Amino acid sequence: MGLETLLAAVLLIALTCYALLGGADFGAGVWHLLAHGSSRREQHRLIGEAIGPIWEANHVWLILIVTILFTAFPSVYARLAITLHIPLTLLVVGIVLRGATFAFRHYDVKDDEIHLRWDQLFSVSSLISPLLLGTILGAVTVGHFPVNAAGFWDGYVSPWLKPFPLIMGLFTLTLFAYLAAVYLLLETHNPLLQDTFRRRAIMAALIAGLLEEAVLMLGQNSAPHLWGELTNSLWGRGIQLTIGSLTVAAIGLLLTRRYWWARSCAILQVTLTVWAWGIAQFPYLVPPYLTVFNASAPQVTLWFIAVALGFGVLVVFPSLWYLFRIFKGGGSLA
Amino acid sequence: MSDLLAARTLMAMSLGFHLIFAMVGMAMPLLMVLAEWRWLKTGQEAYLAVAKRWAKGTAIFFAIGAVTGTVLSFQLGLLWPKFMEWAGPIIGPAFSIEGFAFFTEAIFLGIYLYGWRKVSPRAHLAAGGVVALSGIVSGVVVVMANGWMNTPRGFTMIHGIPSNIDPIAALLNPSGLFQAPHMILAAFASAGFAVAGIHAFLLLRHPGNMFHQKALNIAFAVGGISAILQPFSGDLLAQQVAKLQPLKLAVFEAQVETQEGAPFRIGGVWNEETETFDHIVEIPFALSLMLHLDPYERVIGMKEFDKNNWPPIDVSRTAFQLMVFLGVIMLSHALWGVSLTYKKGSPGSSRRFLQATVLATPVGFIATEAGWVATEVGRQPWVIVGYLKTAEALTPIPGLTIPLMLFASLYAFLTVIVVWLMWRHISATPGQFEMPPTRPEEEVLA
Ligand code: HDD
Ligand code: HEM
Ligand code: HEM
């Protein structure tokens, strides 16, 4: 495996971590928005306490992705920044509002009416950001970005404002919500809350399953490369089958209240989904022109990041483990 | 407004906004750790209360620092894709180091803010230390990356493509090495002065309050020492600029013609027609002396350079002068505080001094913003000096005034809320330290 492939794999690992950790924080925000019924206040409290100590660390995965992208694959970063200017800008605004309102809500010295406003903004931006993130990934999957576009619409809007990316957006959102619901089950001992999130987790799992099918269907025309890999190859079919069985297993485990196992299934399921996408996309970063091989930075740069990553891992993983051990008990994830 | 101007304004706005939060994020952990360390050493609960109060106030700044920093890492590409494509392989490795500093910072910040009762006091203090250290590392690295834009190193141009890349040489560029300590000192001086100003204000309202007394002492110590060191670091930096970016220095110092025994010039308005500065005050030989330790040494003037490469002169020079002026004020104020401490044991003993400290609350931040405007506008028309013009780096997407407006309203909104929250935060003074403490302070943060 060449260095550029290694760094592409690192990008995929970082994306997986961002989905599993940062994604779940967004998902928790979605449940914050949808919280209703008599336990509404408790649900809000649970969500606030669950993500408080960890969201900033989880957010850094995204920064790492951007950093590796512009260092190791600078032309890809530049291409995305030009063609996807609009959704990226909106994503950033969503991220700012999400983080800022969470901080306003939780680090204020008083607790009064205005906190309801912060809650609303927090949860709406938690809903919009994953939608945009998924849309952006969808647009990257389709690729074919116009190089010298004739007009504004062709150059900067139509590459992402079309069915396949938008469905990817919805799929991402549901997947994040699903993860969050499953994680939250292990954050509380209140049977009422557990019941609520159990129902939600099952619902989200079902919708995510349907959307995954929809992504594949649409992909047949929009992203033939992805579709071909996932449906015509042996590994593609295998991975799809595994993801499907994991979904069924997770739902079964949720029904029988085996939450720890359900969470493990969910984590595996999301990991495999991200990897299935990544491997099917390989070697393209943005099809059909930009690949892992032709868009990579010079070897020295790649070496430098690889070494920096090696050292970084030695520092970051033990620290992350320490963080999660303190706040999430027993060395378990998220 | 042209797209180029919109992009430049937006970039400046985002950087200037992030800078405030980044400075607080770099300096406050040190202040908190000092307060907590005093608590562990002396057992006085007021110190613990100070540390916890600061932690709660700073948490908001951290969060906004993180999200506005994220804006920047996208916006560099959204506005200047050509620049990032060019610079990414050379200076990007520096950012990957920064990425890990962010990680450790965010992780240990979580432990610091939420772990008061979950880890031992020593582990808690150590977590604060890691936050402080990684904040400083991020600041240093990003400023070194900026220094590279001033003095690009670590590559050779072959057929218009940067080749033979050496990321380490790029990172250790001569501008960055001098800019980084100047920036770190700026962060400590600014945050120290600001925090001291707030506690001085409250001390004037609640005379004798131990809580504010202790907070003021720590903040002033950090801010004052940095403010005293700052002009020295600035002078070293100026010598470096004189050597490596002589045109920029000439603009800073209003040196139009090359001259031996150049004076230090104060004030003045640039006259486009006559190409001179009107109404300028001169201190003979001072500039040559400051830059070369020799009153008769030659200082290169602007006219030696192609006029097409002159930066916007008024903006750059005014910003530079403002920074130096405020630097002198901060230095004097710090020295006053030192002499009070020497004579009376504490700077908080003089009402006059406290009043002056309140007035000095924002000066550090203003000086730092001014310094950055001087540096960045003074680099124009280049984004990478000598290699890439700002205009060439611009994204092709039209209508950039729209994101400019969007982010302007976003930042305005955040500013209003942060100011209001800080006001609420400040006006809730812990009353129990009016007298020497009688019983342990309960969880302030809970
Ligand atoms: C508290 C803030 C503060 C104070 C009091 C000063 N500075 Fe400063 N200065 C900065 C904050 C700053 C800064 C914002 O941090 C800059 C912008 C870029 C940088 O690296 O540091 C800077 C840049 C900067 C530069 C430009 C570097 C370049 O373009 O590459 C010079 C020559 C000086 N400073 C010199 C001084 C001198 C002679 C001072 C004497 C009083 C001084 N500064 C006080
Ligand atoms: C946080 C402190 C900083 C402030 C307040 C600041 C301020 C500014 C200002 C005022 C401009 C506009 C200059 C003009 O067009 O006339 C600018 C441009 C720019 N700055 Fe900075 N800057 C800061 C730090 C940095 C750092 C650390 C980097 C990169 C590592 C950077 C990269 C850029 C780029 C790429 C541009 C746009 C191109 C250009 O106008 O030259 N800045 N900044
Ligand atoms: C002089 C200029 C700058 C200084 C001194 C500085 C310093 C810092 C510091 C100390 C932090 C962490 C503390 C906090 O969250 O408040 C931070 C956060 C951040 N900065 Fe900057 N920065 C500068 C400019 C930039 C630029 C140009 C970029 C974009 C490439 C950037 C990207 C980031 C990011 C992504 C974060 C968030 C990290 C997190 O999640 O904790 N910064 N900055």
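Values reported hereafter were calculated over all heavy atoms of this structure, with side chains retained and with hydrogens, waters and symmetry mates removed. First the proteins, then the strands, lettered A, B, ... as listed; each starts at 1. Worth saying up front: this structure is predicted, and the values here are computed from it rather than measured.
When the heavy atoms of residues 293-308 of chain A are compared with those of chain B, the residues falling under 4.5 Å are Ala297(A), Pro298(A), Val300(A), Thr301(A), Phe304(A), Ile305(A), Ala308(A), listed by number.
By number of non-hydrogen pairs under 4.5 angstrom with chain A, the leading residue of Ser96(B), Ala94(B), Ala59(B) is Ala59(B). Contacts with chain B were tallied for Val93(A), Ile86(A), Ile68(A), Leu84(A); Val93(A) has the most, counting heavy-atom pairs under 4.5 Å. Top candidate by heavy-atom pairs under 4.5 Å with chain B, chosen from Trp55(A), Phe73(A), Trp61(A), is Trp61(A). Of the listed residues (Ala87(B), Gly110(B), Ala101(B)), the one with the most heavy-atom contacts under 4.5 Å to chain A is Gly110(B). Your options are Pro162(B), Gly77(B), Gly99(B), and the one with the most heavy-atom pairs under 4.5 Å with chain A is Gly77(B). By number of non-hydrogen pairs under 4.5 angstrom with chain B, the leading residue of Ala72(A), Ser75(A), Gly155(A) is Ser75(A). Annotation: maximal heavy-atom pairing with chain B below 4.5 Å, among Val315(A), Thr89(A), Leu64(A), occurs at Thr89(A). When each of Val418(B), Leu406(B), Ile397(B), Ile417(B) is scored by its heavy-atom pairs under 4.5 Å with chain A, the top score falls to Ile397(B). In terms of non-hydrogen atom pairs under 4.5 Å with chain A, the most contact-rich of Pro89(B), Ala106(B), Gly92(B), Pro167(B) is Pro89(B). Heavy-atom pairs under 4.5 Å with chain A peak, among Gly115(B), Pro403(B), Gly399(B), Pro396(B), at Pro396(B). If you tally non-hydrogen atom pairs under 4.5 Å between each of Ile63(A), Ile82(A), Asn58(A) and chain B, the highest count goes to Ile82(A).
Once rounded to the nearest 0.5 Å, the distance linking CD of Glu56(A) with CG of Leu113(B) reads 8.0 Å. Going from atom CG of Leu78(B) over to atom CG of Leu88(A) covers 5.5 Å, rounded to the nearest 0.5 Å.
Here the side chains of Leu323(A) and Tyr114(B) are not in contact, with every heavy-atom distance at 4.5 Å or above. Residues Leu410(B) and Leu97(A) form a side-chain contact, since some pair of their non-hydrogen atoms from C-beta on lies under 4.5 Å apart. Side chains of Ser319(A) and Phe103(B) form no contact here, defined as non-hydrogen atoms less than 4.5 Å apart. In this structure the side chain of His85(A) reaches within 4.5 angstrom of the side chain of Leu400(B), judged on heavy atoms. Using a 4.5 Å cut-off on side-chain heavy atoms (C-beta onward), Phe413(B) and Val96(A) make no contact. Ile64(B) is listed as a side-chain neighbour of Phe104(A), based on a closest heavy-atom distance under 4.5 Å.
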Worksheet item: Which is it for Tyr322(A) and Val119(B) under the side-chain contact (heavy atoms from CB on, under 4.5 Å) test, yes or no, and what are the steps along the way?
Response: CA-CA 11 Å; Tyr322(A) 184 55; Val119(B) 298; 3.9 Å; yes

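Looking at Leu62(A), the atoms closer than 4.5 Å to chain B (heavy atoms on both sides) all sit in the side chain, from C-beta outward. For Leu309(A), the parts lying under 4.5 angstrom from a heavy atom of chain B are both the backbone and the side chain. The parts of Ile95(A) that come within reach of chain B are both its backbone and its side chain, each placing non-hydrogen atoms under 4.5 angstrom from that chain. Only the side chain of Leu109(B) comes within contact range of chain A, with at least one heavy atom under 4.5 Å from a heavy atom of that chain. Within the 4.5 angstrom heavy-atom criterion, atoms from both the backbone and the side chain of Ile60(B) approach chain A. Heavy atoms closer than 4.5 Å to chain A are found in the side chain of Thr395(B), but not in its backbone. For Val71(B), the parts lying under 4.5 angstrom from a heavy atom of chain A are both the backbone and the side chain. Heavy-atom distances place the side chain of Thr67(A), and not its backbone, under 4.5 Å from chain B. Of the atoms belonging to His59(A), it is side-chain heavy atoms, and not backbone ones, that fall under 4.5 Å from chain B.
Aromatic ring centres of Phe311(A) and Phe100(B): separated by at least 6.0 Å.
Of all heavy-atom pairs between Leu414(B) and Ala100(A), the closest is CD2-CB, 3.7 Å. Residue Glu85(B) comes nearest to Ala78(A) through the heavy atom pair OE1-CB, 3.5 Å, listed as atom of the first residue, atom of the second, then distance. Smallest separation of non-hydrogen atoms from Ala57(A) and Ile107(B): CB-CG1, 3.8 Å.
Within a 6.0 Å sphere centred on CD1 of Ile168(B), other residues, nucleotides and ligands contribute 12 heavy atoms or fewer. Counting non-hydrogen atoms of other residues, nucleotides and ligands closer than 6.0 Å to OH of Tyr387(B) gives a total above 12. Surrounding CZ of Arg424(B) are more than 12 heavy atoms belonging to other residues, nucleotides or ligands, all under 6.0 Å away. Enclosure of atom CG in Leu116(A) by more than 12 non-hydrogen atoms of other residues, nucleotides or ligands within 6.0 angstrom is indicated.
Ring planes of Phe70(A) and Phe95(B): perpendicular class, angle over 60° (limits at 30 and 60°).
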